[in-house]
Amino acid sequence: MAKLSVNICGILFPNPVMSAAGPTSRDGAMCQAAARGGAGGIVTKTVSVKPADVPRPCMAEIKGGFLNAELWSELPREQWLEREYKLAKETGLPVMVSLGYTADQIAELAPLVKPYADALELSTHYVGNDISPIVGALRAAKAAVDIPVFMKMSPHPNIQEIAKAVETAGADGLVMINSFGPCMAIDVDSGLPLMGSREGYGWLSGSAIKPLAVRCVYDAAKVVKIPIIGVGGIASGRDAAEMFMAGASAVQVCTAGILKGPGVYGRISEELEAFLESHGYADVAEIKGLTHRRMAEGALRTIPDALADALGDVPAVDQERCNLCGLCETSCVYQAISSSGHLVIDAGKCFRCGLCVTRCPKEALTLPGRD
Ligand SMILES: Cc1cc2nc3c(=O)[nH]c(=O)nc-3n(C[C@H](O)[C@H](O)[C@H](O)COP(=O)(O)O)c2cc1C
């Protein structure tokens, strides 16, 4: 069996799939449900000095993604300190306590939650893209506690700059990314925004943001040495593997936990294990940063057109797998694909864009050099 346990900053996670800060950890009972569902660690819902006044509606599934306007915990911190953190701790899993947002607020909250926390996760969600308040919040936490402090990053445009600054200021790890926004969706029957927030704004999560999250982790991993926990759109073992390859040391899951229920953590973890085994890896650590290594080897081929033509370098078709469903043919804007009993790709017309390979539901097409 492939090894899934990971040790991050001296904290042992039995598997690398945690429940992220959100409604799936909105109180102690939900943290316990996540543990029963197979999570390898728990991140509690972000708590700040005052309970959040959460607008309603505050969650919606949209095509390809998810919108929320949930802010932070609507429960008072006293309730977390008296009851919810203890229930989270009873899971026996590592508990990362999420706190927000300013240096003053963190300085006030961090000493109070320390007895229940294996680590702190600080949210920068409502702080903006300026480095100084983010670093200020981190310094306040580091001064207040001696447990590892992780900085949860929003998808900042200057992600490398902030990641580096936070590492230099003493962060023990990074968690990225928070949901992306502000975004907006409108219910066309009523003409009203789907979210009940004052401006109608919401924040995007789920599969729509996975490529953004993967890119942020990939870019941050280039400039920092501290561990990165990847979050954003993970719903399967292959998604988790992708995040590891970008440089993550573990992953968190929020939207898939909402949409599919708490059993999703265990399923993702099992799928990750099956993926590792089927690809000959003995330990999840072996795929951490794999894409950085492959790119450094020059493994990404960018063959000039003339050479590609000479090689007839078009996607290979496994005719046995192909069921002639027509998806690739319909969406081939270069009109290079045709079928008459079997699939044919015209090397003279094929632009090598790669779209057909990603659309094939039968995995019957393979890009040259990638099988
Ligand atoms: C409804 C909802 C509430 C969330 N609340 C928090 C929160 O309190 N603190 C936080 O740091 N992130 C919060 N997040 C962000 C998630 O932890 C996560 O970073 C983001 O949704 C991307 O991961 P996902 O695509 O797996 O959901 C929330 C996300 C959603 C969808």
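Numbering of ligands and ligand atoms starts at 1, following listing order. These figures come from a predicted structure and were not determined experimentally. Atom set for the values below is all heavy atoms of this structure, side chains included, hydrogens, waters and symmetry mates excluded. This chain uses plain numbering: 1 for the first residue, then up along the sequence.
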Salt bridge (Lys or Arg N to Asp or Glu O under 4.0 Å) test vs Lys45 passes for just one of Glu70, Glu84, Glu121, namely Glu70
With atoms numbered from 1 as shown, which atoms in ligand 1 lie under 4.0 angstrom from a non-hydrogen atom of Pro23? 1 (C), 2 (C), 3 (C)
Using the test side-chain hydrogen bond (donor to acceptor under 3.5 Å, both in side chains), find all partners of Lys114 that sit at least two apart in sequence or belong to another chain. Asp146
Report the part of Met59 (side chain from C-beta onward, or backbone N, CA, C, O) that has a heavy atom under 4.0 Å from ligand 1; answer both or neither where that applies. side chain
Could you list which atoms of ligand 1 come closer than 4.0 Å to a heavy atom of Lys45? 3 (C), 4 (C), 5 (N), 6 (C), 7 (C), 8 (O)
Using a strict threshold of under 4.0 Å (side-chain N to carboxylate O), is an ion pair present between Glu82 and Arg77? no
When you look at CD of Glu78, are more than 12 heavy atoms from neighbouring residues, nucleotides or ligands closer to it than 6.0 Å? yes
Once salt bridge (Lys or Arg N to Asp or Glu O under 4.0 Å) is applied, do any residues pair with Lys89, and if so which ones, sequence neighbours excluded? Asp118
Do His125 and Trp72 have their ring centres less than 6.0 Å from each other? no
Any N or O of Gly233 that comes nearer than 3.5 Å to an N or O of ligand 1? yes
Looking only at distances, please establish whether an N/O atom of ligand 1 is found under 3.5 Å from an N/O atom of Trp72. no
Ile234 to ligand 1: N or O pair under 3.5 Å? no
Using a strict 4.0 Å cut-off to heavy atoms of Ala20, name the atoms of ligand 1 that fall inside it. 17 (O)
Side chain to side chain donor-acceptor pair (under 3.5 Å) with Thr46: of Ser73, Ser98, Ser25, only one passes, and it is Ser98
So, does Gln32 use its side chain to make a donor-acceptor pair with the main chain of Leu87 at under 3.5 Å? yes
Counting only heavy atoms, which portion of Asn178 has something under 4.0 Å from ligand 1: side chain, backbone, both, or neither? both
Any idea which atoms of ligand 1 are less than 4.0 Å away from a heavy-atom of Lys152? 10 (C), 11 (O), 12 (N), 15 (C), 16 (C), 17 (O), 18 (C), 19 (O)
With nothing but distance in play, are any N or O atoms of Gln252 less than 3.5 Å from an N or O of ligand 1? no
By number and element, which atoms of ligand 1 are closer than 4.0 Å to a non-hydrogen atom of Ile209? 22 (C)
Out of Ala208, Gly22, Ala213, whose heavy atom sits nearest atom 4 (C) of ligand 1? Gly22
